[in-house]
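Take a look at the structure below.
Residue indices begin at 1 and follow the sequence shown.
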Amino acid sequence: MTQLKGLDLLALGFMTFALFLGAGNIIFPPSAGMAAGHSIWPAAMGFLLTGVGLPLLTVIALARVGGGMDRLTAPLGRGAGTLLAVAVYLAIGPLFATPRTAVVSFEMGVAPFTGNSAMPLFVYTALFFAATLFLVLNPGQLVDRVGKFITPVLLAALLVLGGAALFAPAGEIGTTAESYRSGPLLKGFLEGYLTMDTLGALVFGIVIATAIRDRGVTEPALVTRYSVIAGAIAAVGLSLVYLALFYLGATSQGIAGEAQNGVQILTSYVQHTFGTTGSLLLAAVITLACLTTAVGLTTACGEYFSGLLPVSYRVVVVVFTLFSLLVSNQGLTQLISVSVPVLVGLYPLAIMLVALSLLDRCWVSPSRVFVPVMAVTLVFGVADGLSAAGFTNLVPDLFTMLPLAAQSMGWLVPVLVTLAIAFVIDRLLGTARTAQR
């Protein structure tokens with residue numbers, strides 16, 4: 001029986017950390033920290049629950065079932081499982097995450113010199129996605145080499161940035177925005193959706209488990225154990241990055257109070273602390289990191305949809321790259337505002353899917369629990385998403401009166417009630433069936 005040693009586990013943990021470390025992990029903590037102000041710590045804890053805790057649980061759930069998202073959604077049936085998988089792949093692909101990589105790198109590296117107008121954005125994103133498409137269609141060893149080079153450099157840059165934020169803050173912790181005054185923990189929890197790491201974990205979990213098996217580990221219990229260890233190492237790294245960037249944002253109101261997103265906060269801080277040279281170096285590193293992320297996401301979507309549809313991998317990646325180009329030209333602030341309602345509706349499904357999978361030993365018949373709970377989650381999650389998008393007139397009044405509905409968490413109580421009822425029915429039917437036998 002093959003077992004991994006300490007250095008192997010450490011390498012696996014760094015690989016897992018690199019999988020999750022993308023544009024969203026860097027740009028959202030500063031903006032959340034600035035808005036949280038004096039409520040920074042409860043807001044940061046809420047952010048860590050969805051930005052770190054849920055992805056870790058997702059990795060564990062996938063390791064336990066020994067497969068990809070199809071294994072996780074098996075109790076829902078093939079049709080419903082496929083629809084959920086399609087929604088997840090589209091969200092982390094051409095709808096939000098992939099276009100975001102281009103816009104983040106533009107605003108970090110180009111916008112400070114050209115301005116944030118339409119033409120420079122179009123020219124840059126066209127070049128960015130041309131490079132992405134070339135690498136996706138002709139990967140060879142280039143992507144691996146770039147990834148192996150960029151990850152350590154990006155880690156070093158984040159280490160310097162985090163150290164500067166802690167020991168050379170731009171000012172005192174600022175005031176708390178209205179949105180964070182009543183419930184900073186819950187608000188931070190919802191902001192963590194924007195990293196999309198839980199959705200990414202649904203795709204990356206199988207990659208981690210496969211990497212463990214490729215090292216000769218075949219015992220299912222060991223695969224799960226090593227996945228937990230790798231996920232824990234990545235979780236520690238991500239937590240440190242998030243906390244440092246939260247503090248950077250909270251202490252930067254004096255120099256970036258008018259910033260509309262986390263990129264502008266970071267750019268202002270780096271310019272203030274390190275000057276133009278530091279800004280250029282950080283922009284170059286993040287641009288390359290965003291490029292490798294875009295290549296990875298586009299490749300994953302291409303492989304999934306070419307297997308699902310009677311369309312070749314080449315056609316899928318060309319169409320998705322062109323679509324990502326169109327979406328990215330809406331600008332970062334617009335892209336974030338559109339993604340929020342979708343993630344508010346989609347994340348509850350991911351949360352409950354992982355929770356039900358981790359509790360699989362409690363169910364006599366998983367489908368009897370999964371189907372009603374996920375159906376109710378879908379209904380109330382869509383209602384919360386419509387409310388977050390401003391379409392409150394489409395949401396029945398009953399939905400708006402639910403506990404936590406104002407915080408886009410109205411789905412929680414109905415889903416927990418449904419889970420309790422489904423659990424009781426599952427036990428009763430299971431006992432009756434056993435007695436008959």
Side-chain angles (χ1 to χ4, degrees), residues 1-22 24-25 48 50-74 81 84-85 88-89 91-93 97 139 143-144 147-148 150-152 154-155 192 195-242 289 292-293 295-304 307 350-351 353-355 357-358 360:
M1 183 173 63
T2 303
Q3 294 189 354
L4 299 182
K5 297 181 179 179
L7 288 178
D8 292 327
L9 288 173
L10 192 61
L12 193 67
F14 276 114
M15 182 205 77
T16 306
F17 176 80
L19 281 174
F20 287 106
L21 189 63
N25 307 88
L48 292 182
T50 40
V52 178
L54 284 177
L56 175 59
L57 291 176
T58 304
V59 169
I60 296 170
L62 285 165
R64 289 179 74 246
V65 298
M69 194 173 171
D70 57 333
R71 291 280 188 90
L72 217 56
T73 59
L84 181 56
V88 169
Y89 272 97
I92 68 165
V143 177
D144 289 337
K148 289 176 182 176
I150 287 301
T151 300
L154 182 59
L155 284 174
T195 65
M196 298 192 194
D197 278 348
T198 301
L199 304 183
L202 289 169
V203 177
F204 295 144
I206 185 63
V207 177
I208 298 165
T210 300
I212 295 171
R213 293 190 185 96
D214 287 344
R215 287 168 168 79
V217 179
T218 56
E219 183 68 28
L222 281 179
V223 173
T224 302
R225 178 185 173 190
Y226 293 151
S227 295
V228 173
I229 294 173
I233 293 171
V236 171
L238 287 171
S239 297
L240 293 175
V241 169
Y242 289 156
T292 56
T293 301
V295 170
L297 293 175
T298 305
T299 301
C301 288
E303 291 175 348
Y304 176 76
I351 292 171
L353 177 65
V354 172
S357 298
L358 290 173
D360 61 347

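Between the CG atom in L56 and the CG atom in L48 there is a gap of 12.0 Å [rounded to 0.5 Å]. Remark: L21 CG to F14 CZ distance equals 11.5 Å, nearest 0.5 Å. In this structure, CG on L84 lies 9.0 Å from CG on L199, to the nearest 0.5 angstrom. With values rounded to the nearest 0.5 angstrom, L9 atom CG is found 10.0 Å from T16 atom OG1. If you take CD on E219 and OG1 on T224, they are separated by 9.5 Å, rounding to the nearest 0.5 Å. From I92, atom CD1 reaches atom OG1 of T198 across 12.0 Å, with rounding to the nearest 0.5 Å.
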Open item on the list: For I208 and M15: C-alpha separation, side-chain torsions, deciding distance, then whether side chain to side chain contact (heavy atoms under 4.5 Å, CB included) applies.
Closed with: CA-CA 8 Å; I208 298 165; M15 182 205 77; 4.2 Å; yes

- [ ] Take L72 and L353 through the test side chain to side chain contact (heavy atoms under 4.5 Å, CB included) and record every step on the way to the result.
- [x] CA-CA 7 Å; L72 217 56; L353 177 65; 4.1 Å; yes

- [ ] Under the side chain to side chain contact (heavy atoms under 4.5 Å, CB included) rule, what do Y242 and T195 come out as? Steps first, then yes or no, please.
- [x] CA-CA 11 Å; Y242 289 156; T195 65; 3.9 Å; yes

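Across V59 and S227, no two heavy atoms sit closer than the pair CG1-O, 3.9 Å. In this structure, A235 and V52 approach most closely via the heavy-atom pair CB-CG1, 3.3 Å. The nearest pair of heavy atoms linking A97 to L297 is CB-CD1, 3.8 Å. Shown here for A201 and P55, the closest heavy-atom pair between the two residues is CB-O, 3.8 Å. When all heavy atoms of G200 and F20 are compared, the closest pair comes out as C-CE2, 4.4 Å. Of all non-hydrogen atoms in L238 and G51, the two that sit nearest each other are CD1-O, 4.5 Å.
In this view, D360 and R64 satisfy the side-chain hydrogen bond (donor to acceptor under 3.5 Å, both in side chains) rule, not counting sequence neighbours.
At least one side-chain heavy atom of N25 sits under 4.5 Å from a side-chain heavy atom of D197. Side-chain contact between F17 and I233 is absent, with no heavy-atom pair separated by less than 4.5 Å. When side chains are defined from C-beta on, L12 does not count as touching D8, because their heavy atoms never get closer than 4.5 Å. Here the side chains of V354 and L54 are not in contact, with every heavy-atom distance at 4.5 Å or above.
Counting only distance, with no hydrogens or angles, the side chain of Y226 and the backbone of L4 share a donor-acceptor pair below 3.5 Å.
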